[in-house]
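Worksheet: one structure, shown below.
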Amino acid sequence: MISFPTPDLHSTTMTEEEATNLLSPASDVESDESEPLLNLVQPRGYLTRHIFALMGFLGFANVYAMRVNLSVAIVAMVNNTAITNTSIVNITDSCPVVGNTTDIPTDGPFDWGAREQGWLLGAFFYGYVLTQIPGGRLAEVYGGKRLYGLGVLITAIFTILTPLAANTSIYTLVLVRVVEGLGEGVTFPAMHAMLAVWVPPQERSRMAGIVYSGAQAGTVLSLPLSGYLCDKLGWESVFYMFGTLGVVWWVVWCYWVYDSPATHPTIHPTERRFIMDSLGSSRTRVSPPVPWLAIITSGPVWALLIVHVAQNFGFYTLLTELPTYMARVLHFNIRDNSIISALPYLLMLIMGLVSTRLADWVLSLGTDRTFVRKMFNSCAIYLPAVFLVLAGYSGCNSTLTIALLCLAVGTNGAHYAGFMCVHIDMASNYAGTLLGITNGAANIMGFVAPTVTGYIVAGHSDVPHWRLVFFIAAMCYCVGNTIFLVFGTAREQKWNKRQEDVEEMEEDEDLLDRNEY
């Protein structure tokens, strides 16, 4: 059996006085968690929760690399000559080919038109939405470690099988993509459930930002690397390489990560106590049954779901279709295409990391948590809508178009300090279930967006049809965030705690008072 040494996570910089302070009971925290936790001394040094965050970051980098590599590889897989000869293509308003015209693209073996490509790019999400809610609840009850790891492993194995499936038939490839979606569907809800038990509230924005920015890191690395591999080693190599990396990551995850601080064998006791005391009364001792009626009838939950759907429609429109737009409209070759397509997600990665740290700093000043979430979410939604509309009118000016699309995707990274933290803010006991509900509905857009785009641009490679695609995405952005501003909240909901848990905590506080703590 492969064995990995567990790193020594005990901090050597912690003084005896700090350890004593950490063992004192936590002070009361308001239910909206807006007040900074001033009475808890944070442990310093190389901490266990940082290892957890790093592995979560690498996990999402892997799954997003495996998710988006088809967006680049499909350009090399398709026989464009055959499609052009058998399709009616409107060349009116098409952009002229500029630059090095001697770079002749190599046709692939498959005669998939725009509609078939839309089905393939969207097939992943048919499986992805089905495991969202079960994934969140299973992680809450049984822990997220095995579930998250298994989801990445399944995605990796079927990524390796993608070339075989493609050469068998398009229907087999669709099935493989659906199974990949089934595996990856548990990853976000499982991680949300783990963040709820591993991350203190005052670190919630930036730690979630670090973990989930792995998605953008995977996209940034996958797009140019996929283009290079397609150009040098053939499109099959893309799936073999990223699938193998996913399997290697799974082995390391199994040895280094645990479900919670309470079950981790090498975490420093002071860090364990710090995390558990920081979470305070927002976490119950056992996983309570889900209050389905309260969730379904909650206005803030519906507002959260709607803004998540709007976010994903715009995001997936660009994630799955941007390489095609670069190739068909702006006429970039596959190497330049993949590099340029990665630039927006590099900016999104940077914006996600910066905005989440800034949000935690603003919260540390005592600013209302709901206000902070809505402020950052508005920057993440309204600004991309503006840039998409402008991109629709940038015409064939490739430099301006690329700059506007980079700004549209980049500013969207602030949503990690916005609604993506609200599930945990509202109900940390059901964070996985809540994200499963909203992410399941939102990722229906994963096959709706490319399908809609495919039907709009079928038989066309011109700016006006793509302008309509950008306008629809911008409209969805604006409607979704406006509803969230009016009806959304980040305050902890009453149904997050059972009445017996509240009574038990009050009894514990009385005992502590009598013992002169």
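Keep in mind the model is a prediction, meaning the values are calculated, not measured.
Residues satisfying the side-chain hydrogen bond (donor to acceptor under 3.5 Å, both in side chains) test with N69, not counting sequence neighbours, are none. F371 pairs by the side chain to side chain contact (heavy atoms under 4.5 Å, CB included) definition with T367, D368, M375, not counting sequence neighbours. Applying the side-chain hydrogen bond (donor to acceptor under 3.5 Å, both in side chains) test to Y416 and every residue at least two apart in sequence or in another chain returns Q216. With sequence neighbours excluded, no residue satisfies side chain to side chain contact (heavy atoms under 4.5 Å, CB included) with L221. A441 is linked by a side chain to side chain contact (heavy atoms under 4.5 Å, CB included) to L305, V309, counting only residues two or more places apart in sequence or in another chain. For S213, the side chain to side chain contact (heavy atoms under 4.5 Å, CB included) partners two or more places apart in sequence, or in a different chain, are F57, L349, L353. Residues satisfying the ring pair (Phe, Tyr, Trp, His ring centres under 6.0 Å) criterion with W253, sequence neighbours excluded, are Y148, W249. With sequence neighbours left out, the ring pair (Phe, Tyr, Trp, His ring centres under 6.0 Å) criterion links Y212 to F60, F188, H192. In this view, T162 and E180 satisfy the side-chain hydrogen bond (donor to acceptor under 3.5 Å, both in side chains) rule, not counting sequence neighbours. With sequence neighbours excluded, no residue forms a side-chain hydrogen bond (donor to acceptor under 3.5 Å, both in side chains) with S298.
For the residue pair D425 and A490, the shortest heavy atom distance occurs at CB-O, 3.2 Å. In terms of heavy atoms, P189 sits closest to G436 at CG-CA, 3.9 Å. For L388 against A474, the heavy-atom pair with the smallest separation is CD1-N, 4.2 Å. Here the shortest heavy-atom pairing between P384 and C379 reads CD-O, 3.6 Å. Annotation for R204 and D360: closest pair N-OD2, 3.9 Å, computed over non-hydrogen atoms. The shortest non-hydrogen separation linking L279 to P201 is CD2-CD, 4.1 Å.
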Practice problem: Just do the side-chain contact (heavy atoms from CB on, under 4.5 Å) check on N62 and L245 with the steps written out, would you? | Solution: CA-CA 7 Å; N62 271 282; L245 288 176; 3.6 Å; yes
Exercise. Show your reasoning for whether side-chain contact (heavy atoms from CB on, under 4.5 Å) applies to T219 and M348.
Key: CA-CA 10 Å; T219 304; M348 189 176 186; over 6 Å; no
Exercise. Output, in order, the C-alpha distance, side-chain angles, deciding distance and verdict of side-chain contact (heavy atoms from CB on, under 4.5 Å) for D259 and R146.
Key: CA-CA 8 Å; D259 286 315; R146 291 182 181 85; 4.1 Å; yes
Quiz prompt | Verdict with supporting geometry, E140 and V197, side-chain contact (heavy atoms from CB on, under 4.5 Å) | solution = CA-CA 10 Å; E140 290 165 354; V197 299; over 6 Å; no
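P224 places none of its side-chain heavy atoms less than 4.5 Å from the side chain of Y228. Using a 4.5 Å cut-off on side-chain heavy atoms (C-beta onward), V186 and L150 make no contact. Taking the side chain as every heavy atom from C-beta outward, F376 and L358 approach each other to under 4.5 Å. Contact check for M445 versus H308: no side-chain heavy atoms found under the 4.5 Å cut-off. Within the 4.5 Å cutoff, the side chain of R373 has heavy atoms near those of the S205 side chain. Residues S428 and N496 are in side-chain contact: their nearest non-hydrogen atoms beyond the backbone lie under 4.5 Å apart. A heavy-atom distance below 4.5 Å is not found between the side chains of Y382 and T411. Looking at heavy atoms from C-beta onward, T244 lies in side-chain contact with I160 at the 4.5 angstrom threshold.
Here the CZ atom belonging to F484 is positioned 6.5 Å from the CG atom belonging to L304, to the nearest 0.5 angstrom. Atoms CZ and CG, on R137 and L147 in that order, are 13.0 Å from each other to the nearest 0.5 Å. Here the CG atom belonging to L347 is positioned 12.0 Å from the CG atom belonging to N412, to the nearest 0.5 angstrom. Expressed to the nearest 0.5 Å, how far CE of M77 lies from CD1 of I74 amounts to 6.5 Å. Taking CZ of F313 as the reference point, atom OH of Y477 lies at 10.0 Å (rounded to 0.5 Å). Distance check: N312 CG to T317 OG1 gives 10.0 Å after rounding to the nearest 0.5 Å.
Screening residues 57-76 for salt bridge (Lys or Arg N to Asp or Glu O under 4.0 Å), with sequence neighbours left out, gives R67-E184.
Residue V211 forms a side chain to side chain contact (heavy atoms under 4.5 Å, CB included) with just one option from L54, V199, L195, T356, and that option is L195.
Judged by distance alone, with hydrogens and angles left aside, the side-chain atoms of Q132 form no donor-acceptor pair with the main-chain N or O of I437 at under 3.5 Å. Without hydrogens or angle criteria, E271 side chain to R49 main chain gives a donor-acceptor distance under 3.5 Å. For K145 (side chain) and Y258 (main-chain N/O), no donor-acceptor pair under 3.5 Å exists by modelled atom type. Side chain of S364 to backbone of W361: a donor-acceptor contact under 3.5 angstrom is found.
A donor-acceptor contact under 3.5 angstrom links the side chains of N443 and Y316, judged on distance only. Defined by atom type and a distance below 3.5 Å, a donor-acceptor pair is missing between the side-chain atoms of N481 and Q311.
For F158, the CZ atom counts as loosely surrounded, since its 6.0 Å shell holds 12 or fewer non-hydrogen atoms of other residues, nucleotides or ligands. In the displayed structure, R272 atom CZ is contacted under 6.0 Å by more than 12 heavy atoms of other residues, nucleotides or ligands.
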Solution key, residues 233-240 side-chain donor-acceptor pairs under 3.5 Å, sequence neighbours excluded:
| from | atom 1 | to | atom 2 | distance (Å) |
| --- | --- | --- | --- | --- |
| S237 | OG | G234 | O | 2.7 |

